[in-house]
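Residue numbers begin at 1 in each chain, while the letters A, B, ... track the order of the sequences. No hydrogens, no waters, no symmetry mates; every other heavy atom, side chains included, goes into these values.
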Number of protein chains: 2
Amino acid sequence: MSGRGSPPRTRAGRARQPRFVRQLPQQRRQALIDATIESLKRYGHDGLSIRTISAQAGVSVGLINHHFPNKNQLIAAAYRHFNSELVGGLQAAVARAADSPWARMRAFLEASFCPPNLDQDALAVWVVFWGLYRHSRLIQRVQRDTYRGYVRLLRGMLAELLAQARPPHRRPRRGARAARPDLRLAAIGLTALLDGLWLEWCLQPSAFRPAEAVALCEAWVEALCRG
Amino acid sequence: MSGRGSPPRTRAGRARQPRFVRQLPQQRRQALIDATIESLKRYGHDGLSIRTISAQAGVSVGLINHHFPNKNQLIAAAYRHFNSELVGGLQAAVARAADSPWARMRAFLEASFCPPNLDQDALAVWVVFWGLYRHSRLIQRVQRDTYRGYVRLLRGMLAELLAQARPPHRRPRRGARAARPDLRLAAIGLTALLDGLWLEWCLQPSAFRPAEAVALCEAWVEALCRG
DNA sequence: CGTGCTGTTGTACGATCGTTCAACAACGTA
DNA sequence: TACGTTGTTGAACGATCGTACAACAGCACG
């Protein structure tokens, strides 16, 4: 507001400050992506506006179309970043955990129900992206690319747990053939429970504590392992 | 397209058809609400436009502001209708079921995973409404009003089931005091599982069959009753 | 057939949208 | 210091948004 309007000092002035600073395209692109997500957090769907985003980034309206071919490409890039931040954070939490299937699952669940994932603002962002899903091929492609990593992570942990819980001699003779449907449904159910609890908490954080959500998920996984 | 452009016949013409038909405000209001939901199903967030909605309803742009003070009021009315259709449908399914806690729960679950509730288009509508939630007091009020009925329905069924599963002599001496947390968490978990499965199916209907979703929910409830 | 009410139409208005583009200016380089 | 590259600005464009409002017309009624 104030610094923006002040003209550069005269030639004689020593502290003449530039009206803007040039940045490398890569850095500016990332700044615009961050501004997009922040704008969505603050204003919901109204944050999906070139003028709102550029104001959030502190740049002019024309700059976005210099670094991105159009608005949809910027949004898709922001969605990709948002997704990979989530999946990457969960993967890191799992990798940081002790070398035991249960420890990994616990780390995964606790990371799922902690900031920055468990955030009311984040829900606003997700909802906007979901709303674009059906009519934007770009968003569909990003979703397909990033969801794969999430499913793989979760299925891997579940497979470890189930394999440990059921000793080999109790499994069907032909190996994992018949166990697959269990793993598939188990992953579907756990994902649903996770997403549903996350959604509920974001809509009404006073309804339950994050630790209770983790406990509910653990109970589900335990029940799975018992049979 | 064609019928609209044809001018009324001359005075001598017998079949002179009116350019529009007047309707009672109540009927027209409902027609506009239906058109709003249909518009959201077809076009997502872009369907939230006076011109798109009025085109869907087959009326002119000015009519909406004759029956509703502004766009937000129409949207809130549509959200209220959409919510009460869902809750009313579930309540009716439960009331239609046999007079047994388990039968009621089964009816509830099966109705949850059947059309018109289990509909990809419906997800698009929900997502748009959720996106408005944080910045619209009208939407918040509607949500609060209608969600109450849903929670009451689900908690009631769970309470019946748990009371039947645990005979009175096994409950804590002071009565339901200590059993309440279980009921609360049970309702939270079941709601999350329901919502999550519903969300997953809508995003990718090929992932699992509705009957599998019902089975997963039943397994959850059974596990609750066993301990 | 003529009259009154009111549901309905469609144009108009100002605001804001995404995008374009000519001009500007920061900064590495000579 | 002067120049050239190019990241950046901001006005301008046409399209579309929500809303207002005067004119129109369906239909009940005399």
Side-chain angles (χ1 to χ4, degrees), chain A residues 3-11 13 15-32 35-36 39 43-76 78 132 135-136 138, chain B residues 3-12 15-32 35-36 39 43-76 78 128 132 136 138:
Chain A
R4 214 28 154 36
S6 65
R9 306 275 179 83
T10 62
R11 232 168 246 269
R16 178 176 182 275
Q17 63 177 5
R19 298 209 291 170
F20 59 87
V21 281
R22 293 168 79 116
Q23 291 193 1
L24 295 177
Q26 188 181 354
Q27 295 175 18
R28 186 63 85 184
R29 276 179 59 95
Q30 187 57 50
L32 289 172
T36 301
S39 179
Y43 309 107
H45 195 279
D46 293 341
L48 274 185
S49 150
I50 293 293
R51 284 169 176 82
T52 308
I53 295 171
S54 56
Q56 175 67 39
V59 300
S60 70
V61 285
L63 192 57
I64 288 180
N65 283 294
H66 179 74
H67 291 284
F68 294 89
N70 52 49
K71 189 180 115 174
N72 291 332
Q73 297 277 352
L74 167 61
I75 295 170
L132 302 175
H135 297 92
S136 166
L138 281 172
Chain B
R4 213 31 154 34
S6 64
R9 308 276 179 82
T10 62
R11 231 169 246 267
R16 178 177 181 274
Q17 64 176 1
R19 299 210 292 172
F20 59 87
V21 281
R22 294 168 80 115
Q23 291 194 1
L24 294 177
Q26 188 181 353
Q27 296 176 12
R28 187 64 84 185
R29 275 179 60 95
Q30 187 56 49
L32 289 173
T36 300
S39 179
Y43 309 106
H45 195 278
D46 293 340
L48 275 186
S49 151
I50 293 293
R51 284 169 175 82
T52 308
I53 295 171
S54 55
Q56 175 67 40
V59 299
S60 70
V61 283
L63 190 59
I64 287 180
N65 282 294
H66 179 75
H67 291 282
F68 295 89
N70 53 47
K71 189 180 114 173
N72 291 332
Q73 297 277 353
L74 167 61
I75 295 169
V128 172
L132 303 174
S136 167
L138 281 172

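Distance from the side chain of F20(B) is smallest for dT8(C) among the nucleotides dC27(C), dT8(C), dC17(C). The side chain of R19(B) has dG26(D) as its nearest neighbour among dT20(C), dT8(C), dG26(D). The side chain of K71(A) approaches dT19(C) more closely than any other nucleotide in the set dT19(C), dG18(D), dT8(C). Taking only side-chain atoms of V61(A), from C-beta outward, the nucleotide of dT19(D), dT8(C), dG10(D) with the closest atom is dG10(D).
Q23(A) has its CD atom 12 Å from the C1' atom of dA26(C), to the nearest Å. Going from atom CD of Q26(A) over to atom P of dG7(D) covers 13 Å, rounded to whole Å. Counting to the nearest Å, the P atom of dA15(C) and the CD1 atom of I50(B) are 19 Å from each other. To the nearest angstrom, P of dC21(D) lies 11 Å from CG of N65(B). Atom pair Q17(A):CD and dC27(C):P shows a separation of 12 Å (rounding to whole Å applied). A straight line from CG of L63(A) to P of dC24(C) spans 18 Å, rounded to a whole angstrom. Atom CD1 in I64(B) sits roughly 14 Å away from atom C1' in dG10(C) (whole-Å rounding). Distance, Y43(B) OH to dT16(D) P: 14 Å, rounded to whole Å.
Between R28(B) and V21(B), the shortest heavy-atom contact is NH2-O, 3.1 Å. Residue L48(A) comes nearest to K71(A) through the heavy atom pair O-NZ, 3.0 Å, listed as atom of the first residue, atom of the second, then distance. Between A76(B) and L138(B), the closest heavy-atom pair is CB-CB, 3.9 Å.
Mapped onto DNA chain D by nearest heavy atom, D46(B) and V21(B) fall at different nucleotides, with D46(B) at the one closer to the 5' end.
Close to dG10(C), at under 4.0 Å from its OP1 or OP2, lies no side-chain N or O of S60(B). Not one side-chain nitrogen or oxygen of H66(A) sits closer than 4.0 Å to the OP1 or OP2 atom of dT8(D). Here S49(A) reaches the OP1 or OP2 of dG18(C): one of its side-chain N or O atoms lies under 4.0 Å away.
The base of dT16(D) is not paired with the side chain of R51(B) by any donor and acceptor separated by under 3.5 Å. Interface remark: the R22(A) side chain does form a donor-acceptor pair with the dT6(D) base, using a distance-only criterion of under 3.5 Å.
Nucleic acid contact class of L48(B) (heavy atoms, under 4.0 Å, all strands): sugar-phosphate only.
V59(B) places a side-chain heavy atom less than 4.5 Å from the side chain of L32(B).
Residues passing the side-chain contact (heavy atoms from CB on, under 4.5 Å) test with A31(A): none are found, sequence neighbours excluded.
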